Amino acid sequence: MKPVNSTKISFVSRSSNEAYARGAVAAFIAQLDPTVDELADIKTAVSEAVTNCIVHAYPGVLGQIYITVSLFENGRVRLRIADKGVGIEDVARSMQPMTTSGGPERAGLGFTVMQTFMDSLKVRSKLGKGTVVTMEKTIARRC
Amino acid sequence: MAECRLEQSGRVLVVYLSGEIDHHEAARLRGQIDPRILSGDFARVVLDFSGVTFMDSSGIGLILGRYRLLRDLGGTLAVQGADPQVSRLLRLSGITDLVVLEGGAKV
C-alpha cells in the first residue's frame, strides 16, 4: 500500500536534537488527530530510537540520522529511523530487556519501550553499515 | 528542556523535576542533582515527577543511577508524582521493586 502522505527529516547525531526529532514527528502526525496517549507513545518510541543512534550507532563521533514518517489511508503510521553507524552485532540480544552497552546510566529498555508503545517493530542491521528501525502504529479513528 | 529545583528539609532532599526528560536532558539533570547529594548527608532523596511533560527510558536510567548512588551512600530513594505515562515506564522497567513509590504515583 502506498502512503497518502510522508515526510523525511535528517539531522546530525547530537543529543540536543532528540527533542527536535520527536517534536517534528509529532507535528507531522498531528494531522491524524491522535489522542494525547497515542502521541506520547510515538514520541517516546522516536526518542528511544534516536537515542540509540546517538549513543550506539555513532559512539564518540557525529553522524547523520534519517527519519521517514509515512501515513496510510487507515490511520497507520510507519516510522523508519536509520543510521549509517557501526551496526549491531547481535540484534536479538540487543533487544532483550535490560541489555545495554551504554553504561550504568542507561536502563537498557530502548527496544522494549519501542515494542511496547508501538504495534510492531523491525530492526535490520549490518556491522559497519548501519541500522534501520521500522515501527508501525495505527491511530484509532474517533469520528 | 528539563529543569530541577532542589529543596532540603533536614536530611531529606526533594528534587522537583519538570519539562522533558530524555537522554540529553538526563545528563544535565545528573550534573545538577549529584553534586548536591554528594555534598550532604541525606537519609532520603525524593524525585518528584509531577512537572514532567515527557519522559523516555533515560528517565528510568536517571532513577536507577540515583538509586545506586544512594545505596552506596546509605540513603534511600523515593519517586512521587508520576503521571500515567511515566508510571507506565516505571512498571515496564520493574524499577518499582527497587524504589519506593509514593504520593500520587499510580503504578
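So you know, we letter chains A, B, ... as the sequences are listed, proteins then strands, and number each from 1. Since we're looking at a predicted model, the values are computed, not measured.
Contact annotation for B:M55: only backbone heavy atoms (N, CA, C, O) come within less than 4.5 Å of a heavy atom of chain A. Heavy atoms of A:T116 lying under 4.5 Å from chain B belong to its backbone as well as its side chain.
No continuous path of ILVMFWY side-chain contacts below 4.5 Å connects B:V79 to B:V14, so the two sit in separate hydrophobic clusters. By the rule that hydrophobic residues join a cluster once side-chain heavy atoms approach within less than 4.5 Å of another member, A:V86 and A:V132 end up as members of separate clusters.
Among A:G108, A:A45, A:A19, A:S16, the residue with the largest count of heavy-atom pairs under 4.5 Å with chain B is A:S16.
Environment of CZ in B:R71: crowded, with over 12 heavy atoms of neighbouring residues, nucleotides or ligands closer than 6.0 Å.
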Could you walk me through whether B:E20 and A:R22 satisfy the side chain to side chain contact (heavy atoms under 4.5 Å, CB included) test, starting with their C-alpha distance in whole Å, then the side-chain angles of each, then the deciding distance to 0.1 Å, before giving a yes or no?
CA-CA 11 Å; B:E20 304 203 351; A:R22 62 177 179 269; 2.7 Å; yes
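A donor and an acceptor atom, one from each side chain of A:S15 and B:H24, are located under 3.5 Å apart.
Proximity to chain A at a heavy-atom threshold of 4.5 Å picks out B:D56, B:S57, B:S58, B:I60, B:G61, B:L62, B:L64, B:G65 from residues 56-65 of chain B, in numerical order. Listed in order of number, the residues of residues 54-76 of chain A that approach chain B to under 4.5 Å between heavy atoms are A:I54, A:V55. Taking 4.5 Å as the heavy-atom cut-off, the residues of residues 30-44 of chain A that approach chain B are A:D37, A:A40, A:D41, A:K43, A:T44, ordered by number. Along residues 2-12 of chain B, no residue comes nearer than 4.5 angstrom to chain A, judged on non-hydrogen atoms.
The closest side-chain heavy-atom distance from A:T51 to B:D22 is not below 4.5 Å.
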